[in-house]
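The next block holds one structure in the form of structure tokens; read it before the comments.
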Amino acid sequence: MDKFKILCIDDETELLEIYSKILGHKYEVLRASSAAAAITHLKENHNNIIYIFSDFKMPEKNGFEIRKEILDLGYDIPFAIITGNYDLEMATKA
């Protein structure tokens, strides 16, 4: 049986490697360094992705925009935003 998959989205490839090391013993970790790569992984693997971790601040789109795009495509997969830079406005919007 295939492992369940977790999609990790971050423009910092070093962090994607850390996610793989932490989660890889139990899950297959799909790594995406851009929103476009994340959507590609999602379309190909949506039946097995059980969770999505996304950085908030990225050059192409922020985590909220990626989440909206995923929902607009009809995928309702649990989603968490990870960031080291947050404020009250961002927390309220989340």
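Values below: all heavy atoms of this structure, side chains included; hydrogens, waters and symmetry mates excluded. Because the structure is predicted, anything quoted here is derived from the model rather than measured.
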Report summary line: Tightest non-hydrogen contact, residues Glu60 and Ala36, listed as OE2-N, 3.5 Å
**Report entry** Pairing residues for Glu44 by the side chain to side chain contact (heavy atoms under 4.5 Å, CB included) criterion, not counting sequence neighbours
**Finding:** Thr40
Query - Straight-line distance of Ile77 CD1 to Arg67 CZ, nearest 0.5 Å - result: 8.0 Å
**Report entry** Value rounded to 0.5 Å, distance of CG in Asp76 from NE2 in His46
**Finding:** 13.5 Å
Requested in this report: Just jot down the side-chain hydrogen bond (donor to acceptor under 3.5 Å, both in side chains) partners of Asp72, sequence neighbours excluded, or say none.
Outcome: Lys68
Report task. Could you give me the CA-CA distance, side-chain angles and deciding distance for Ile52 and Leu42, then say whether side-chain contact (heavy atoms from CB on, under 4.5 Å) is met? Result -> CA-CA 10 Å; Ile52 300 170; Leu42 187 63; 4.3 Å; yes
Query raised in the report: Quick one: side chain to side chain contact (heavy atoms under 4.5 Å, CB included) partners of Lys43, sequence neighbours excluded?
Result: Ile39, Leu73, Tyr75
Report summary line: Applying side chain to side chain contact (heavy atoms under 4.5 Å, CB included) to Asn47 and not counting sequence neighbours gives none
Query - From CD1 (Ile81) to CG (Asn62), nearest 0.5 Å - result: 7.0 Å
Query raised in the report: Between the side chain of Lys3 and the main-chain N/O of Gly24, is any donor-acceptor distance below 3.5 Å?
Result: yes
Report summary line: Between Asp55 and Lys57, the two heavy atoms sitting closest are OD2-O, 3.0 Å
Report task. Check side-chain hydrogen bond (donor to acceptor under 3.5 Å, both in side chains) between Asn48 and all other residues, then give those that pass, not counting sequence neighbours. Result -> none
Donor-acceptor pairs under 3.5 angstrom involving side-chain atoms of residues 6-22: please list them, not counting sequence neighbours.
residue : atom : partner : partner atom : Å
Asp10   : OD1  : Glu12   : N            : 2.9
Glu17   : OE1  : Arg31   : NH1          : 2.6
Ser20   : OG   : Leu16   : O            : 3.2

Report summary line: Separation between CD (Glu65) and CZ (Phe56), nearest 0.5 Å, reads 7.5 Å
Query raised in the report: Given side chains that start at C-beta, do those of Leu71 and Phe79 come closer than 4.5 Å, heavy atoms only?
Result: no
